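Working notes, structure below.
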Amino acid sequence: MTTMLGLSLTGRRVVLVGGGAVAARRLGRFLADGALVRIVAPALAPQMHALVASHREQAGADEVEWVPRRFIAEDLDEAWLAHCATGDVTVDREVAALCEQRRIFCINASDGAHGSARMTAQAMSGDVVVGVSSEVGVDPRRAAGVRNAIEGMLESGGLPLRRRRTGGTGRVDLVGGGPGPIDLMTVRARRLLAEADVVIADRLGPTDAVIAELDPEVLVIDVGKRPHHHPVPQDEINALLVEHAAAGKRVVRLKGGDPFVYGRGGEEVIACQQAGIPVEVTPGVSSALSVPQAAGIPVTHRGTASALHVVNGQGDVSATTLHSLADPEVTTAMLMGVAALPEVVRTALDHGISDELPVAIIENGHTPRQRTTRSTLGDVVARAAAVGVQNPAVIVFGDVARAGLLMPESVRTRESHR
């Protein structure tokens, strides 16, 4: 019978007998757990030697010690756990027997049946650790296969990671949801959502798909803004984050795109920090990059554009924006700019920007309703009005928006008839 335990090795002595490839694989895991490692081996394999040298350089010599000789019984002094992988079955069994006499748990890598402990195939997701082992015998490949399957489900948020016991101060995670499709979110974003007690969500991004995956007990608060309609002001959103985290909840602030690209994420971080609430930011793919990409428009392209200027269409047309529009080496990506487009175009033309500057408007990027409208600076206002362009949209100014840069003729033909 095997009983699986969670063993804390931080600050505790672990003895590795053997300096080969197997010991090298285990060394990294023990050091990551904070163990004080003693290696007993006449010589170290190259990968083992490199690990020891690297760790000593980064953390000092106190955490890892190499005794360059054959094993003796005294090497087990102060040990909490031993691992033997010398390649010599007789020596490994001798170490295991001495550990048994001294009541030290021992992992015998050459014969798991003659050790009192076994390494698990391990997966981690946040603060959840999953270990896979065998009840009888040792089958590392099977254990690793099961571990990998579980790990995939953890990363996708497909397992119930929510805490069932809460207390003390919670935390806030600002999560970038990316451009919309749930599979364009980061692995960390999916895991944090699976752990959340409260999700405070914007309108854009993968909100609907995410909510469908959440535990029914998760509180979802919609604070999504629409043009000329902000039902929950920013100061109230900040207060919601602090209120729920202070009640011991894990709060995810789910945003479209990236939290720090016109997402007011900085203000929310400051509000949490001022209230003493732990807060972290998980990046997402900004629509300034991903939506043009969905339309086959690279925001930089060798020989065409070497720089990118991202601008908020709701602000004034700055001198910096005018310079970027005039520079043929710069792509200008405008977010939230549909209503402001006539004013932006008028100001640009008044400042001498060429009316032949290519422009592309991509609506509802990365969704089945995606539509791309291509034009020039001189004609884009009339063209946008004619086809009824609406938010959400990204407007791209620059030579990268010119039809035919990347797309084959068949795609351009389909696009022109949308």
Side-chain angles (χ1 to χ4, degrees), residues 6 25 28-29 31-33 120-132 141 143-164 166 170-221 241 244-245 249-263 265-266 268-269 272 277-294 365-367:
R25 291 198 297 270
R29 184 156 154 187
L31 290 175
D33 287 342
T120 61
Q122 186 169 298
M124 294 188 66
S125 180
D127 58 0
V128 173
V129 182
V130 176
V132 180
R141 291 186 179 181
V146 175
R147 183 270 317 276
N148 292 343
I150 294 172
E151 191 169 41
M153 296 179 70
L154 289 169
E155 290 177 349
S156 69
L159 292 179
L161 295 174
R162 280 189 63 227
R163 290 159 181 78
R164 303 301 172 176
T166 59
R171 59 174 289 120
V172 172
D173 285 282
L174 274 60
V175 170
I182 196 167
D183 57 355
L184 289 181
M185 296 179 70
T186 64
V187 170
R188 181 182 297 179
R190 300 291 296 277
R191 188 253 299 169
L192 290 171
L193 284 161
E195 295 177 354
D197 301 305
V198 180
V199 174
I200 299 177
D202 280 346
R203 175 175 66 98
L204 300 178
T207 304
D208 292 341
V210 164
I211 290 173
E213 289 188 348
L214 295 176
D215 188 304
E217 296 180 2
V218 175
L219 174 63
V220 179
I221 302 174
L241 296 174
H244 288 286
K249 305 296 185 182
R250 297 289 296 257
V251 182
V252 167
R253 174 71 172 102
L254 179 62
K255 295 173 170 291
D258 183 89
F260 280 0
V261 180
Y262 300 128
E268 295 171 355
V269 168
C272 292
I277 300 296
V279 58
E280 290 188 3
V281 180
T282 296
V285 182
S286 171
S287 59
L289 307 176
S290 62
V291 170
Q293 173 268 320
H366 285 285
T367 76

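Model, not experiment: these values are computed from the prediction.
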Worksheet item: Got Leu241 and Ile277 here, is their nearest side-chain heavy-atom distance under 4.5 Å?
Response: no

Discussion item. Is any side-chain heavy atom of His244 closer than 4.5 Å to one of Leu219?
Written reply: yes

Worksheet entry | Closest non-hydrogen atom pair between Val252 and Leu193, with its separation | CG1-CD2, 3.7 Å

Discussion item. Ignoring hydrogens, what is the shortest heavy-atom contact between Lys255 and Gly265? Give both atom names and the distance.
Written reply: CE-CA, 4.1 Å

Worksheet entry | Validation row: Asn148, Val146 side chains within 4.5 angstrom (heavy atoms) | no

Item to complete: Please tell me if the side chains of Val199 and Ile221 come closer than 4.5 Å, counting only heavy atoms from C-beta onward.
Response: no

Worksheet item: Between Leu154 and Val130, does a side-chain contact (heavy atoms from CB on, under 4.5 Å) hold up when you go through it step by step?
Response: CA-CA 10 Å; Leu154 289 169; Val130 176; 4.2 Å; yes

N/O donor to acceptor pairs below 3.5 angstrom from side-chain atoms of residues 283-290, sequence neighbours left out:
residue : atom : partner : partner atom : Å
Ser286  : OG   : Ala288  : N            : 3.1
Ser290  : OG   : Ser286  : O            : 3.1

Discussion item. So, applying side-chain contact (heavy atoms from CB on, under 4.5 Å) with Asp173, which one of Arg250, Arg253, Arg188, Glu195 is it?
Written reply: Arg250

Fill in: Asp202 vs Leu254, side-chain contact (heavy atoms from CB on, under 4.5 Å): CA-CA, chis, key distance, verdict
CA-CA 6 Å; Asp202 280 346; Leu254 179 62; over 6 Å; no

Worksheet item: Could you walk me through whether Glu268 and Leu174 pass the side-chain contact (heavy atoms from CB on, under 4.5 Å) check?
Response: CA-CA 8 Å; Glu268 295 171 355; Leu174 274 60; 3.8 Å; yes

Fill in: Side chains of Gln293 and His366 in contact at under 4.5 Å (non-hydrogen atoms)
yes

For residues 177-187, tabulate all N or O donor-acceptor pairs below 3.5 Å that involve a side-chain atom, not counting sequence neighbours.
residue : atom : partner : partner atom : Å
Thr186  : OG1  : Ala189  : N            : 3.0

Worksheet item: What are the two closest non-hydrogen atoms of Val175 and Pro259, and how far apart are they?
Response: C-CG, 3.9 Å

Worksheet entry | Considering all heavy atoms, the nearest Ala123-Glu151 contact | CB-CB, 4.0 Å

